[in-house]
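Lettering follows sequence order; numbering is per chain, from 1.
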Number of protein chains: 2
Amino acid sequence: MKIDIENINKAFENRIRLGIMSVLMVNDKIDFNTMKELLNLTDGNLASHITGLEKQCYINVSKQFVGKKPNTTFEATPEGKLAFKTHLNALEKLIKG
Amino acid sequence: MKIDIENINKAFENRIRLGIMSVLMVNDKIDFNTMKELLNLTDGNLASHITGLEKQCYINVSKQFVGKKPNTTFEATPEGKLAFKTHLNALEKLIKG
DNA sequence: ATTTTTAACTTTGCATTACAAAGTACTTTT
DNA sequence: AAAAGTACTTTGTAATGCAAAGTTAAAAAT
């Protein structure tokens with residue numbers, strides 16, 4: 001009865017990144033400020049977690065103008081979605097002994 | 001659609017502590033070395049996470065002799081079980097958007 | 001009797017992480 | 001011109017994670 005702790009992805013251990021990914025599994029695209037409010041974060045904190053996930057290629061960040069305001073949006077990559085699902089499976093297995 | 005990230009307990013964020021608690025939800029008591037092997041940890045690493053969980057009163061640690069060997073066992077406190085369940089509920093909610 | 005092993009830590013040292021707060025740059029609204 | 005919004009980056013500090021080595025004490029082996 002050895003326990004599978006390897007498939008628990010370090011990138012998703014943190015609750016903020018867990019939150020970000022959860023949001024991005026349900027919402028195709030979401031912008032900076034919406035995410036910030038959903039998760040109740042400071043700008044800097046969100047930005048840094050986003051950078052982390054982007055570096056691992058789990059999300060894509062794109063910038064455009066909406067009306068005349070700059071707008072940054074996030075979306076999960078296929079790779080990110082897969083990794084997150086794997087993570088959730090590992091979590092589930094772990095919890096169910 | 002604000003997201004509940006507060007009920008995600010920081011004490012259980014780490015995968016090792018998550019593993020420890022999962023094991024202790026299923027197994028009433030478990031000893032140091034069994035836990036160590038289950039989770040594939042070094043002595044020091046297990047000891048430090050155990051100390052963390054004990055300080056929060058989520059687990060109890062007891063020592064006795066089995067045969068003639070010292071034996072340390074862990075068990076989750078009622079408080080710990082409740083906190084862990086709350087954590088899992090928060091996780092589930094989060095994941096299901 | 002002395003060495004080795006087992007159990008369970010504690011300490012050390014280093015690298016990483018988390019996060020608030022302040023600062024930056026550029027734009028737009030007032 | 002001043003204030004506010006968007007999206008960062010930088011700074012500073014504290015906490016975390018973890019392997020590896022060291023410690024203590026009892027037990028088993030030689």
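The phosphate of C:dA21 (OP1 or OP2) has no side-chain N or O of A:Asn45 nearer than 4.0 angstrom. Neither OP1 nor OP2 of D:dA26 sits under 4.0 Å from any side-chain N or O of B:Lys63. Put simply, A:Arg17 has no side-chain N or O that comes within less than 4.0 Å of OP1 or OP2 on C:dT17. Remark: A:Asn33 is not in phosphate contact with D:dG5, judged by side-chain N or O atoms under 4.0 Å from OP1 or OP2. Checking the phosphate oxygens (OP1, OP2) of C:dC19, no side-chain nitrogen or oxygen of A:Ser48 falls inside 4.0 Å. A sub-4.0 Å separation between OP1 or OP2 of C:dT17 and a side-chain N or O of A:His49 is absent. Taking 4.0 angstrom as the limit, B:Thr42 places none of its side-chain polar atoms (N or O) nearer than this to OP1 or OP2 of D:dC18. When the side-chain nitrogen and oxygen atoms of B:Lys68 are compared with OP1 and OP2 of C:dT5, none of them lie within a distance under 4.0 Å.
Side-chain contact annotation: B:Asn71 with B:Gln64, donor-acceptor N/O pair under 3.5 Å present. A:Asp31 and A:Thr34 share a donor-acceptor pair across their side chains, judged by distance under 3.5 Å alone.
If you measure from atom CD1 of B:Ile5 to atom C1' of C:dA18, you get 13 Å, rounded to the nearest angstrom. Distance B:Lys55 NZ to C:dC9 C1': 14 Å, rounded to the nearest Å. One can place CG of B:Leu53 at 10 Å from P of D:dG17, the figure rounded to the nearest angstrom. Per the geometry, CD1 belonging to A:Ile50 stands 15 Å off C1' belonging to D:dT6, to the nearest Å.
Here the nucleotide nearest the side chain of A:Lys69, chosen from D:dC18, D:dA7, D:dT6, is D:dT6. Side-chain atoms of A:Asn71 lie closest to D:dA7 of the nucleotides D:dG17, D:dA7, C:dC9. Comparing D:dA27, D:dA7, C:dA8 by their closest approach to the side chain of B:Phe65 singles out D:dA27. The side chain of A:Phe32 has D:dC8 as its nearest neighbour among C:dA20, C:dA8, D:dC8.
Applying the side-chain contact (heavy atoms from CB on, under 4.5 Å) test between B:Ile5 and each of A:Leu39, A:Asn40, A:Leu18, A:Leu38 identifies A:Leu39 as the sole match. Exactly one residue among B:Ile50, B:Leu46, B:Val61 makes a side-chain contact (heavy atoms from CB on, under 4.5 Å) with B:Phe32. That residue is B:Leu46. Of the residues listed (A:Asn9, A:Leu24, A:Ile20), the one engaging A:Tyr58 in a side-chain contact (heavy atoms from CB on, under 4.5 Å) is A:Asn9, and it is the only one.
Nucleic acid contact class of B:Gly44 (heavy atoms, under 4.0 Å, all strands): base. Counting any heavy atom pair closer than 4.0 Å across all strands shown, B:Arg15 reaches no nucleic acid atom. No engagement by A:Lys36 is indicated, since no non-hydrogen atom pair under 4.0 Å with the nucleic acid exists. Here A:Ile16 lies in heavy-atom contact (under 4.0 Å) with sugar-phosphate atoms only.
Nearest approach of B:Leu94 to A:Ser22, heavy atoms of both residues: O-CB, 3.5 Å.
The residue among B:Thr73 and A:Asn40 whose nearest nucleotide of DNA chain C is located toward the 5' end is B:Thr73.
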